[in-house]
K.L.:
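Got a structure for you, questions after.
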Amino acid sequence: VAALTSCKDAVTLCISLCGTICLWSGIMNVAGKSGIVSGLSRLLSKPLSLLFPDISRKGSAMQFIILNFISNLLGLGNASTPLGIKAMQELKDEQKAEKNATRSMIMLVVLNTASVQLFPSTVIALRASYAAKPCDILPCVWVVSVLSLTLSVLSVFVFEKISNKRRKNVK
């Protein structure tokens with residue numbers, strides 16, 4: 001009996017998550033066609049270019065990074081994953097990276113992993129399906145995601161400095 005109940009709960013959860021993903025994908029499409037995404041891209045291109053100084057602000061890699069950041073900001077992990085993969089491919093091509101990850105590739109992984117989420121839609125959908133107050137966690141999510149992103153970005157800068165010192169000492 002428990003196995004059958006669990007199967008039913010799993011299917012119900014999957015359907016509710018699919019609904020949430022469809023809703024936010026539709027909202028992203030509307031935002032893209034209305035110009036909101038391009039406005040956010042212009043707004044985010046300056047701060048993100050500080051984190052990615054070695055790539056072109058107008059290049060396709062930066063555009064995919066911005067889209068990835070926006071989808072993470074909205075808590076659309078399922079939408080941000082393909083954008084992150086495409087951004088990584090564009091970085092590899094733009095920077096002619098063969099075997100080793102470049103600084104921009106490392107920064108992209110850090111930004112994607114420790115992303116700031118204004119609206120964690122998947123978590124909210126899960127909490128709503130279990131009759132919890134779904135939005136009660138938002139302030140905690142905002143604080144923790146900003147702190148984790150800040151510390152992660154700072155760690156990239158620290159490890160980059162250490163790596164550069166080691167290279168100078170080896171030469």
Side-chain angles (χ1 to χ4, degrees), residues 17-18 20-25 27-29 31-32 36-127 137-171:
L17 287 177
C18 279
T20 302
I21 290 168
C22 290
L23 170 72
W24 282 103
S25 294
I27 289 173
M28 279 297 282
N29 282 335
I36 293 172
V37 171
S38 63
L40 280 172
S41 293
R42 282 191 301 278
L43 183 73
L44 292 172
S45 71
K46 181 71 173 174
L48 286 176
S49 67
L50 295 173
L51 297 176
F52 297 93
D54 51 342
I55 64 172
S56 168
R57 280 176 65 174
K58 303 277 187 208
S60 59
M62 181 59 86
Q63 297 310 309
F64 281 110
I65 290 169
I66 290 170
L67 289 172
N68 175 268
F69 190 80
I70 291 170
S71 60
N72 274 325
L73 203 61
L74 296 175
L76 303 172
N78 292 328
S80 69
T81 300
L83 292 168
I85 291 170
K86 187 66 178 162
M88 191 64 77
Q89 290 169 340
E90 293 295 322
L91 282 173
K92 181 181 178 192
D93 293 342
E94 237 179 74
Q95 298 184 319
K96 296 174 181 42
E98 292 296 321
K99 293 182 181 179
N100 296 329
T102 64
R103 182 200 173 281
S104 290
M105 291 175 163
I106 294 167
M107 185 62 77
L108 176 60
V109 170
V110 165
L111 283 180
N112 206 15
T113 304
S115 64
V116 173
Q117 292 190 7
L118 293 179
F119 189 80
S121 55
T122 304
V123 174
I124 288 174
L126 284 170
R127 289 178 56 85
I137 62 164
L138 286 180
C140 294
V141 167
W142 296 335
V143 169
V144 169
S145 62
V146 167
L147 284 174
S148 69
L149 182 65
T150 303
L151 291 173
S152 299
V153 168
L154 287 174
S155 71
V156 171
F157 288 118
V158 168
F159 285 115
E160 180 183 27
K161 290 229 184 262
I162 292 170
S163 177
N164 288 341
K165 281 184 181 179
R166 282 189 180 162
R167 278 191 211 124
K168 285 180 184 176
N169 290 338
V170 170
K171 290 180 182 180

K.L.:
What closest approach, in Å, do L108 and G84 show between heavy atoms, and which atom pair accounts for it?
P.N.:
CD2-O, 3.8 Å
K.L.:
Compile the donor-acceptor pairs under 3.5 Å between side chains in residues 63-75 and protein atoms, sequence neighbours left out, one pair per line.
P.N.:
unit_1	atom_1	unit_2	atom_2	d
Q63	NE2	R57	O	3.4
N68	OD1	N72	ND2	3.3
N68	ND2	S80	O	2.7
N68	ND2	N112	OD1	3.4
S71	OG	L67	O	3.2
S71	OG	N68	O	2.9
N72	OD1	S80	OG	3.0
N72	ND2	N68	O	3.4
N72	ND2	N112	OD1	2.7

K.L.:
Within the distance-only criterion (no hydrogens, no angle test), does the side chain of S163 pair as donor or acceptor with the backbone N or O of E160 below 3.5 angstrom?
P.N.:
no
K.L.:
Quick one: closest heavy-atom pair of S56 and E94, and the distance?
P.N.:
N-OE1, 3.8 Å
K.L.:
Not counting sequence neighbours, which residues clear side chain to side chain donor-acceptor pair (under 3.5 Å) with N164? List them please.
P.N.:
R167
K.L.:
CD1 of I137 to CH2 of W142: how many Å apart, nearest 0.5 Å?
P.N.:
10.5 Å
K.L.:
Could you pull out the closest heavy-atom pair between A61 and A87, with the gap in Å?
P.N.:
O-CB, 4.3 Å
K.L.:
Over all heavy atoms of both residues, which pair between M62 and S49 is shortest? Give the atoms and the distance, please.
P.N.:
CE-CA, 3.7 Å
K.L.:
For atom CZ of F157, is the number of surrounding heavy atoms from other residues, nucleotides or ligands below 6.0 Å larger than 12?
P.N.:
yes
K.L.:
Partners of E90 by salt bridge (Lys or Arg N to Asp or Glu O under 4.0 Å), sequence neighbours excluded?
P.N.:
K86
K.L.:
First locate atom CD1 of I106, then atom CG of L111, and finally report the distance between them rounded to the nearest 0.5 Å.
P.N.:
12.0 Å
K.L.:
Mind listing the closest non-hydrogen atom pair of P120 and V141 along with its distance?
P.N.:
CG-CG1, 3.9 Å
K.L.:
Determine whether a donor-acceptor pair (N or O, by modelled atom type, separation under 3.5 Å) exists between the side chain of T113 and the backbone of V110.
P.N.:
no
K.L.:
Working to the nearest 0.5 Å, report the span between CE of M107 and CG of L51.
P.N.:
5.0 Å
K.L.:
Got Q89 and I85 here, is their nearest side-chain heavy-atom distance under 4.5 Å?
P.N.:
yes
